[in-house]
Amino acid sequence: MMDASDILALCKRRGFIWPAFEIYGGVAGMYDYGPLGIAMKNNIIDIWRKAYTLGEGFIEIDGPTIGPEIVFKASGHVDAFSDSIVSCTKCKESFRADHLAKGLHSNPDSLSNEELSKLLRENGVRCPECGGDLTDVEDFNLMFKTTIGPGAGRVGYLRPETAQGIFVDYLHLYRFVREKLPFGVIQIGRGYRNEISPRQGIIRLREFNMMEAELFVDPENKSWPRFDKIKNEKMKLVPNNGDEIEITVGEAVERRMIGNATLAYFMYFTQEFLKTVGIDPNRLRFRQHLQTEMAHYASDCWDAEVLLSYGWTEVVGIADRGCWDLSRHIEYSNADLTAFKKYEEPVEIEREVIKPKYELLGPKFKGKSAKIGKALEEIDPSKIKNGNITIDVDGEKITVGSEFFEIVRIKEKVTGRKIVPHVIEPSHGLDRIFYACLEHAYTQKSDGYVVLRLKPAVAPIKVGVFPLMVKDGLDVRAAEIDERIRMSGIASYYDDSGSIGRRYARMDEIGTPWCITVDYETLKDGTVTIRDRDTTRQVRIHQERIIPTINSLLCGTPFSALEQ
RNA sequence: GCGGCUGUAGUCUAGUGGUUAGGACUGGAGCUUCCCAAGCUUCAAACCCGGGUUCGAAUCCCGGCAGCCGCACCA
């Protein structure tokens with residue numbers, strides 16, 4: 001049977017992916033996309049982008065891959081991505097320092113490395129494996145750190161996900177969509193994680209490609225307009241409290257297996273996308289994260305997993321991030337990252353407010369009077385004690401007597417309120433999807449003959465063009481046809497080397513769905529043969545029909561339709 | 001990061017201290033060939049990197065890098 005090394009060997013030999021920096025020995029977790037790989041990756045991106053932007057009305061942005069430290073403090077990555085580690089001086093095992101400190105301190109996470117080291121030492125904590133001495137506590141952060149600007153500069157990090165670039169642009173985005181929920185934003189790009197031990201080809205990379213979508217929804221109404229259209233479709237689910245079941249999208253929401261309709265809708269949407277690019281539906285499922293497994297920001301999370309030779313592998317994570325990200329960025333930036341939710345009817349309310357008498361405050365408090373007045377306006381009248389009120393101005397407590405203000409009743413029309421939208425995030429590991437497409441397309445006959453049954457839409461080359469013989473002008477004719485196909489926008493490849501069978505084999509191995517051969521009949525009547533990769537059947541068509549025929553096949557017309 | 005195993009053309013492999021480092025497949029050029037990895041001629045192409053031992057290292061030793069497996073970690 002096929003295993004991952006067959007696929008990786010094919011990828012390397014035929015130019016899908018290559019280990020990066022190979023002449024210098026390579027770097028673990030880093031790969032180059034070769035000519036075929038990049039073409040195929042771009043095809044996958046195209047399909048995904050169109051599904052989200054044209055299909056669901058999402059908007060797309062593209063932000064920097066490096067961000068200042070504050071962004072990742074706010075996002076929680078500086079803390080949550082960083083583990084305090086100790087290792088044993090004897091057996092070299094590594095342990096999470098905060099785990100070892102459990103029970104010794106009410107909140108070990110809050111301690112510095114020095115404090116943790118001291119705590120462990122004073123309590124005589126030794127290696128749980130062999131009882132050896134432990135090293136001092138060290139930080140291990142999975143983010144790549146850098147400096148922005150010259151000299152000491154500003155601390156920056158390479159982004160571990162593209163999502164934060166969307167959250168920090170929320171103000172622009174909310175205005176762009178004309179201040180309506182729900183709305184969705186996508187970003188496609190690189191992310192960086194300094195993995196401890198990258199393995200398994202391109203499954204775990206240190207620099208990787210992501211396609212992320214962030215949906216901003218009303219926390220009180222997490223529905224999606226087109227949910228009803230798909231609620232009777234099925235998905236394979238592995239909930240965190242039970243066994244795998246196949247269930248309709250609607251029922252999964254009704255039974256509260258999936259937290260809300262938007263999450264469920266995009267799980268289904270993801271399933272359909274993965275099928276479109278060639279993932280085998282029988283090797284696809286959604287697995288719910290365990291509570292302990294959830295990221296620091298997530299409240300519910302389902303992974304789309306595909307079965308690879310490595311086992312079940314996450315390719316898409318669909319998380320309900322709640323209000324975590326926007327709330328944190330509000331806290332750290334003081335920006336107003338909210339949505340205004342209008343009431344059905346404006347509400348009129350009456351309330352009492354303090355109205356400062358500025359004409360008296362001025363002479364008494366001089367320069368401070370403006371600030372005192374402002375503070376009085378903001379305070380609730382119930383705080384008045386014995387006619388006096390005490391306020392805090394620049395850290396100074398000032399007591400103001402009742403002669404300096406009056407209490408007035410005002411009527412206010414409130415048309416709505418500000419809410420922090422919740423975020424639902426389908427986050428795609430592009431490299432993993434790319435690899436899964438290859439593995440699920442890979443077939444090998446008993447004699448070792450390899451056919452990559454890639455979906456035509458993702459295949460890097462759509463048509464091979466060959467002359468049957470390299471003489472009598474067949475080659476010239478074939479080269480002309482090849483050029484015309486390419487000029488029409490379809491990737492084709494001219495090949496006149498070796499026997500015709502060898503040329504078909506070359507195309508089969510890289511997943512080219514169709515081959516066109518110019519033979520002696522072409523010279524007589526202008527027809528060529530077109531061959532189907534998966535069936536090896538051939539049909540004669542007139543050369544003038546080549547481009548419309550290929551286009552129609554690319555749109556999904558079955559090859560057998562040409563045989564009538 | 002720890003432990004085990006491994007590293008020879010693009011790929012698979014022969015080579016146990018002295019070889020022009022051998023073969024097969026692939027690839028290029030040409031011949032042949034009227035549709036599925038055919039044949040012939042010919043060409044190109046390798047000892048992972050760095051130290052050490054030795055008169056001499058692909059071969060023995062050490063370190064690094066990379067791969068595989070296991071452990072640990074995993075948003």
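Every chain is numbered from 1, with letters handed out A, B, ... down the list of sequences.
- A/K471 comes within 4.0 angstrom of the backbone, heavy atoms only, and of no base.
- By the 4.5 Å heavy-atom criterion applied to side chains, A/Y170 and A/D325 are not counted as neighbours.
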Decide yes or no on salt bridge (charged side-chain N to carboxylate O under 4.0 Å, His left out) for A/R13 and A/E509, but give the supporting numbers first. CA-CA 11 Å; A/R13 190 157 37 85; A/E509 198 184 22; 2.9 Å; yes
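- Shown here, B/rU19 forms no base pair; nothing in the strands shown gives a Watson-Crick or G-U wobble contact with both key distances under 3.5 Å.
- Backbone-only engagement by A/R506 is indicated by non-hydrogen atom pairs under 4.0 Å involving sugar-phosphate atoms exclusively.
- Taking only distance into account, the side chain of A/T536 never meets the base of B/rC36 through a donor-acceptor pair shorter than 3.5 Å.
- Judged by closest nucleotide on RNA chain B, A/D495 is the one of A/D495 and A/Y504 placed further toward the 5' end.
- Between A/S499 and B/rG39 there is no side-chain N or O to OP1 or OP2 distance below 4.0 Å.
- Map A/D508 and A/E22 each onto its nearest nucleotide of RNA chain B; the residue landing nearer the 5' end is A/E22.
- Not a single donor-acceptor contact under 3.5 angstrom links the side-chain atoms of A/D519 to the base of B/rC34.
- The pairing partner recorded for B/rU42 is B/rG28, the criterion being a Watson-Crick or G-U wobble arrangement whose two distances lie under 3.5 angstrom.
- Nucleic acid contact class of A/G429 (heavy atoms, under 4.0 Å, all strands): none.
- A/R204 contributes a side-chain N or O that forms a donor-acceptor pair with the base of B/rC74 under 3.5 Å.
- Taking 4.0 Å as the cut-off between side-chain N and carboxylate O, A/R486 and A/D482 count as a salt-bridged pair.
- A/V470 comes within 4.0 angstrom of a base, heavy atoms only.
- Between the side chain of A/K462 and the backbone N or O of A/P456, at least one donor-acceptor pair lies under 3.5 Å.
- Residue-level contact check: A/E161 touches neither bases nor backbone, having no heavy atom under 4.0 Å from any strand.
- One cannot find a donor-acceptor pair under 3.5 Å joining the base of B/rC36 and the side-chain atoms of A/R503.
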